[in-house]
Amino acid sequence: MGNEVAPPGVNINVPHSARIYDYWLGGKDNFAVDRAVGEAMIKAIPGMRYMAGENRKFVHRVARDLVAEQGIKQFLDIGTGIPTRPNLHEIAQRVDRSARVVYVDNDPIVLVHARALMISTPAGRSEYVSADLRDPQSILDEPTLKDTLAFDEPIGLTLIAILMLLADAEDPWAMVEALRDRMPSGSCLAITHPTADFAPDEVNQAVSAATSAGMTLVARSHDAVRRFFGDWELLEPGLVPVSSWRPDSAVDNPEAAYYWAGVARKP
């Protein structure tokens, strides 16, 4: 670890979810501490890399369907992580070249790569904001966000594998409610969240590996994840294992990826 060089503000002695995820997806923006936790979690859950990939595929299907079916042309993606192509705006802009996306993350290493998130079609727009989900108001008040998204048109709000980083005591449900309240009618909320519902022993081991390294990682039940959507109406097929949310091809075992996933629409 002695020869690892990090961008300003990045602590290479503390693991970070965005960099662990990057490691699972085969990226290079991770450090020894991230790889150690990433490997410990893979030891607990051998299918972890597959699950990370299934999460990415879900994002792509959501972006495509919300633009094509719901007519949503703007997105707020909180907990973006290190850019992995194709990014959400690239998928959305394939369907509608005027689509606009604001990405939000609080990891300095994501900020280093944010320029890669800015490359938009001339007709659309893609921006990056450094902010924290723990302070929803700071996100909603961000000038770049107000300048990019129109709050009188539906917005696609995506919270992909991010709510797991918040302990119950922090009340992440209230944070999501604050965001939902500001979304216009017709907006959609997409969430993926790890769960111990399918394989409790494996998941609890992985959570232990993360928490013993100083991370917060919470697996939640179907009911706990359902609460994040409030009174919004779940789109078909509901809150389901991530692989079985509108898959492009048949899925042998939907419960092989230990994530709940769903999309709900604001009345």
*Asks:* For residues 210-225, which side-chain N or O atoms pair as donor and acceptor with protein atoms under 3.5 Å away, sequence neighbours left out?
*Replies:*
residue, atom, partner, partner atom, Å
Thr211, OG1, Val207, O, 2.9
Thr211, OG1, Ser208, O, 3.2
Ser212, OG, Ser208, O, 3.0
Ser212, OG, Ala209, O, 3.1
Arg220, NE, Asp168, OD1, 3.1
Arg220, NH1, Leu163, O, 3.0
Arg220, NH1, His193, NE2, 3.0
Arg220, NH2, Leu166, O, 2.6
Arg220, NH2, Asp168, OD1, 2.8
Ser221, OG, Ala224, N, 3.2
His222, NE2, Leu239, O, 3.2

*Asks:* Membership question, hydrophobic clusters at under 4.5 Å side-chain separation (ILVMFWY): are Ile12 and Leu111 in the same one?
*Replies:*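 Shared cluster, yes.
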
*Asks:* Got a donor-acceptor contact below 3.5 angstrom from the Glu4 side chain to the Ala32 backbone?
*Replies:*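 Present.
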
*Asks:* What closest approach, in Å, do Leu88 and Asp77 show between heavy atoms, and which atom pair accounts for it?
*Replies:*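 Heavy-atom minimum between the residues: CD1-OD1, 4.1 Å.
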
*Asks:* If you round to the nearest 0.5 Å, how far is OG1 of Thr195 from CE of Met164?
*Replies:*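 One gets 13.0 Å once the value is rounded to the nearest 0.5 Å.
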
*Asks:* Hey, can you tell me if Trp173 and Phe228 have their rings parallel, tilted or perpendicular (30° and 60° cut-offs)?
*Replies:*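 Rings of Trp173 and Phe228: parallel, as their planes differ by under 30°.
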
*Asks:* Got a second to check how far Asp171's CG is from Arg134's CZ, nearest 0.5 Å?
*Replies:*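 Here the interatomic distance stands at 13.0 Å.
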
*Asks:* Could you check whether Asp231 pairs with Arg180 (Lys NZ or Arg NE/NH1/NH2 to Asp/Glu carboxylate O, under 4.0 Å)?
*Replies:*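 The answer is no: the pair does not qualify as a salt bridge.
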
*Asks:* As a test of understanding, state which of Trp245, Phe229, Phe198 forms a ring pair (Phe, Tyr, Trp, His ring centres under 6.0 Å) with Trp260.
*Replies:*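 That would be Phe198.
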
*Asks:* So, does Gln205 use its side chain to make a donor-acceptor pair with the main chain of Glu202 at under 3.5 Å?
*Replies:*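 Side chain of Gln205 to backbone of Glu202, a donor-acceptor pair under 3.5 Å: no, none is there.
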
*Asks:* Under 3.5 Å, side chain of His16 to main-chain N/O of Val10, donor-acceptor pair present?
*Replies:*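 Answer holds: no.
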
*Asks:* For residues Ile91 and Ile160: do they belong to one hydrophobic cluster (side chain heavy atoms under 4.5 Å, members Ile, Leu, Val, Met, Phe, Trp, Tyr)?
*Replies:*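 Unlinked, Ile91 and Ile160 end up in two clusters.
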
*Asks:* Pick one: which of Asp105, Asp29, Asp22 meets side chain to side chain donor-acceptor pair (under 3.5 Å) with His113?
*Replies:*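 Going through the options one by one, the only one that passes is Asp29.
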
*Asks:* Verify, without hydrogens or angle tests, whether Ser130 (side chain) and Asn106 (backbone) share a donor-acceptor contact under 3.5 angstrom.
*Replies:*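 The answer is no, because no donor-acceptor pair under 3.5 Å joins these two groups.
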
*Asks:* Counting only N and O atoms by type, is there a donor-acceptor contact under 3.5 Å from the side chain of Lys73 to the main-chain atoms of Asp96?
*Replies:*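 Not at all, since once roles are kept as given, no pair shorter than 3.5 Å links the two residues.
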
*Asks:* Is Val101 reachable from Ile119 through a run of hydrophobic residues whose side-chain heavy atoms are each under 4.5 Å from the next?
*Replies:*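 In one cluster: no.
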
*Asks:* Shortest non-hydrogen contact from Met175 to Glu170?
*Replies:*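 Minimum heavy-atom contact is CE-O, 3.2 Å.
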
*Asks:* Any sub-3.5 Å donor-acceptor pair from Asn204's side-chain atoms to Pro200's backbone N or O?
*Replies:*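 Yes: the side chain of Asn204 pairs with the backbone of Pro200.
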
*Asks:* Just by modelled atom types, is the Arg246 backbone N or O under 3.5 Å from a matching donor or acceptor in the Arg61 side chain?
*Replies:*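 Judged by distance alone, yes, a pair lies under 3.5 Å.
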
*Asks:* So, for Ile139 and Asp132, which heavy atoms are closest and what is the spacing to 0.1 Å?
*Replies:*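 Distance-wise, the nearest heavy atoms are CD1-O, 3.7 Å.
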
*Asks:* I'd like to know if the side chain of Ser126 reaches the main chain of His89, judged simply by a donor and an acceptor atom lying under 3.5 Å from each other, with no hydrogens or angles considered.
*Replies:*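 Not a single qualifying donor-acceptor pair exists.
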
*Asks:* Grab the two heavy atoms, one from Ile20 and one from Gly38, that are nearest each other, plus how far apart they are.
*Replies:*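 So the minimum-distance heavy-atom pair works out to CG2-CA, 3.8 Å.
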
*Asks:* Using 0.5 Å steps for rounding, measure from the CG atom of Asp34 to the CD1 atom of Ile109.
*Replies:*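 Going from the CG atom of Asp34 to the CD1 atom of Ile109 covers 7.5 Å.
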
*Asks:* Do you know which two heavy atoms are closest between Tyr259 and Pro194, and how far apart they sit?
*Replies:*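 Distance-wise, the nearest heavy atoms are CD2-N, 3.4 Å.
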
*Asks:* Tell me the closest heavy-atom pair linking Met41 and Ala206, and the distance in Å.
*Replies:*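 Smallest heavy-atom distance, with atoms named: CG-O, 3.8 Å.
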
*Asks:* Okay, side chain of Thr192, backbone of Ala161: is any donor-acceptor separation there less than 3.5 Å?
*Replies:*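 Here the side-chain-to-backbone pair exists.
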
*Asks:* Would you confirm whether Gln70, through its side chain, and Asp65, through its main-chain N or O, come within 3.5 Å as a donor-acceptor pair?
*Replies:*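 No; judged by distance alone, with no hydrogens or angles, the pair does not exist.
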
*Asks:* If I take atom CG from residue Leu157 and atom CD1 from residue Ile191, how far apart are they, to the nearest 0.5 angstrom?
*Replies:*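 Leu157 atom CG to Ile191 atom CD1 measures 7.5 Å (nearest 0.5 Å).
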
*Asks:* Nearest 0.5 Å, please: how far is CG in Leu149 from CG in Leu140?
*Replies:*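 Those atoms lie 10.0 Å apart.
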
*Asks:* With respect to Ser120, which candidate in Glu90, Gln93, Glu127, Arg100 satisfies the side chain to side chain donor-acceptor pair (under 3.5 Å) definition?
*Replies:*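 Among Glu90, Gln93, Glu127, Arg100, the one that satisfies the side chain to side chain donor-acceptor pair (under 3.5 Å) with Ser120 is Gln93.
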
*Asks:* State the CZ-OG distance between Arg265 and Ser187, to the nearest 0.5 angstrom.
*Replies:*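 Spacing of CZ (Arg265) from OG (Ser187) equals 8.5 Å.
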
*Asks:* For Phe31, is the NZ or CZ atom of Arg19 found under 6.0 angstrom from the centre of its six-membered ring and inside 45 degrees of the ring axis?
*Replies:*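 Geometry flag: not set, cation outside 6.0 Å or 45°.
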
